[in-house]
Amino acid sequence: MTEATAHRVRPAGESVRRALELLGDQWTLLILQGVFLRFRRYEQLRLRLGISPTALSGRLGALVENGVLLRTPYRDTNRTRHEYRLTERGLELWPLFISIWAWEREWIPGRREVLPTLIHLDCGLTTSAPLGCGTCGCRVDARDISAKRLDATGIGVATASKRFRRKDAEPLAHDPVMFFPDTMELLGDRWSTGLVSSAMLGARHFSEFERELGIGPSVLSGRLSRLVEVGVLRTETAATRADARAYRLTSKGLAFFPALAFIVEWARGFEVPGQDADLTLYHDECGNRLLPTLLCDHCGRPLVRDRIRFGGPVQMPAPDR
């Protein structure tokens, strides 16, 4: 993805940062995944995820506050309890979770055998749900996109979320439908999400990532090393610079672009009416703003939430209320 502004690395603004702060948290992603799979009640989520009541209550509260979930009452043995349903704003996230599913099936060894297939009901065939431009209908990837930034307010998050500990994942280790461990390395940690986003926008060197995110050197070094270890970034020598090591996205890293494109689009819901977008993505070939959409790679039609379903080795409902 190329930058359409004068400087190669300029930070995006408040709405993108707000979206990353909310979604760049592993428990939040797991909770949303659970609600999309129709685990709507507090105890269902707590038991399915193995999450502590404090962590669950805090994440649910933030999702309600940000208009992603709606807390609704129901009666249970003469008591009023509450369940959590996706709002229209929350339902807008379904392409993000489909793109996560597609990336894991394609790039993570062993996941294709355990994850369900996606069936496009309009043509009746399974699809890998590639990213497309909603304006011209063409398939796109990160190399087809330019980015324009509004100002220099930064995509770095205000605070990094608490690290998701290995023991937190133990209850989910044998639940492939709920847990996407490699995605959590990228999207479930706010610093890693910021690093991948910055790399998509052209950051290459340690000092550029440091300036872009406002991240401490030791934390930055650790996250960069981890992203190299999981094959999302690769290093190369840049002898003309003081920080000679350059970090570039691998094919695996570039393939994560659809998830970030949907986050950028979803972040527009946080914008103040009448103001320009913090970050705008353009499809170079047609010259229009990228309206990210998922396509069927057989019939070429855009995928619609109520016209897809999961099948295969593990049955799984389509994203719904």
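Each residue takes its place number in the sequence, starting with 1.
Side-chain heavy atoms closer than 4.5 Å link hydrophobic residues (I, L, V, M, F, W, Y) into clusters, and following such links, possibly through other members, connects Val64 to Leu91. Side-chain heavy atoms closer than 4.5 Å link hydrophobic residues (I, L, V, M, F, W, Y) into clusters, and following such links, possibly through other members, connects Ile108 to Leu115. No chain of hydrophobic side-chain contacts below 4.5 Å, direct or via other Ile, Leu, Val, Met, Phe, Trp or Tyr residues, connects Trp94 to Leu295.
Counting only distance, with no hydrogens or angles, the side chain of Asp141 and the backbone of Arg143 share a donor-acceptor pair below 3.5 Å. Here the side chain of Glu106 pairs no donor or acceptor atom with the backbone of Ala102 at under 3.5 angstrom. For Thr193 (side chain) and Leu187 (main-chain N/O), a donor-acceptor pair under 3.5 Å exists by modelled atom type.
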Under 3.5 Å donor-acceptor pairs involving side-chain atoms of residues 121-138, not counting sequence neighbours:
{"unit_1": "Asp122", "atom_1": "OD1", "unit_2": "Arg307", "atom_2": "NE", "d": "2.8"}
{"unit_1": "Asp122", "atom_1": "OD1", "unit_2": "Arg307", "atom_2": "NH2", "d": "3.2"}
{"unit_1": "Asp122", "atom_1": "OD2", "unit_2": "His120", "atom_2": "NE2", "d": "3.4"}
{"unit_1": "Thr127", "atom_1": "OG1", "unit_2": "Ala129", "atom_2": "N", "d": "3.0"}
{"unit_1": "Thr127", "atom_1": "OG1", "unit_2": "Asp297", "atom_2": "N", "d": "3.3"}
{"unit_1": "Thr127", "atom_1": "OG1", "unit_2": "Asp297", "atom_2": "OD1", "d": "3.0"}
{"unit_1": "Ser128", "atom_1": "OG", "unit_2": "Asp297", "atom_2": "OD2", "d": "2.4"}

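Residues meeting the salt bridge (charged side-chain N to carboxylate O under 4.0 Å, His left out) test with Arg139, sequence neighbours left out: none. Shown here are the ring-ring contact (aromatic ring centres under 6.0 Å, His included) partners of Phe97, two or more places apart in sequence or in another chain: Phe36. Shown here are the side-chain hydrogen bond (donor to acceptor under 3.5 Å, both in side chains) partners of Arg79, two or more places apart in sequence or in another chain: there are none. For Ala255, the side-chain contact (heavy atoms from CB on, under 4.5 Å) criterion is met by Trp103, Trp107, not counting sequence neighbours. Arg71 pairs by the salt bridge (charged side-chain N to carboxylate O under 4.0 Å, His left out) definition with nothing, not counting sequence neighbours. Not counting sequence neighbours, the partners of Leu70 by the side-chain contact (heavy atoms from CB on, under 4.5 Å) test are Thr72, Thr87. For Val264, the side-chain contact (heavy atoms from CB on, under 4.5 Å) partners at least two apart in sequence or on another chain are Leu279, Leu281. Listed by chain and residue number, nothing satisfies the salt bridge (charged side-chain N to carboxylate O under 4.0 Å, His left out) test with Arg268 (two or more places apart in sequence, or in another chain). When the side-chain hydrogen bond (donor to acceptor under 3.5 Å, both in side chains) test is applied to Ser221, no partner is found at least two apart in sequence or on another chain. Residues that satisfy the side-chain contact (heavy atoms from CB on, under 4.5 Å) test with Ser99, not counting sequence neighbours, are Leu96, Pro258, Ala259, Phe262. Under the salt bridge (charged side-chain N to carboxylate O under 4.0 Å, His left out) criterion, Glu83 pairs with Arg41, Arg85, sequence neighbours left out.
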Salt bridge (charged side-chain N to carboxylate O under 4.0 Å, His left out) for Glu271 and Arg18? Distances and angles first, verdict last. CA-CA 10 Å; Glu271 292 168 5; Arg18 186 174 173 185; over 6 Å; no

Step-by-step side chain to side chain donor-acceptor pair (under 3.5 Å) determination, Thr80 to Arg75: CA-CA 5 Å; Thr80 299; Arg75 298 291 293 177; 2.6 Å; yes

Evaluation steps, side-chain contact (heavy atoms from CB on, under 4.5 Å), between Ser192 and Leu186: CA-CA 5 Å; Ser192 296; Leu186 278 67; 5.6 Å; no

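Cys296 pairs in a side-chain contact (heavy atoms from CB on, under 4.5 Å) with only one of the listed residues (Leu118, Ile119, Leu303), which is Leu303. When each of Leu63, Leu30, Leu69, Leu60 is tested with Val35 by the rule side-chain contact (heavy atoms from CB on, under 4.5 Å), just one qualifies, namely Leu69.
Side-chain contact annotation: Glu208 with Ser198, donor-acceptor N/O pair under 3.5 Å absent.
For Arg17 and Phe270, the positive end is not near the middle of the six-membered ring at less than 6.0 Å and at most 45° from its axis.
By the neighbour-count criterion of 12 heavy atoms within 6.0 Å, atom CZ of Arg89 is densely surrounded, having more than that number from other residues, nucleotides or ligands. Counting heavy-atom neighbours within 6.0 Å of Glu229 CD, excluding the residue itself, gives a total above 12. At most 12 heavy atoms of other shown residues, nucleotides or ligands fall within 6.0 angstrom of atom CD in Glu285.
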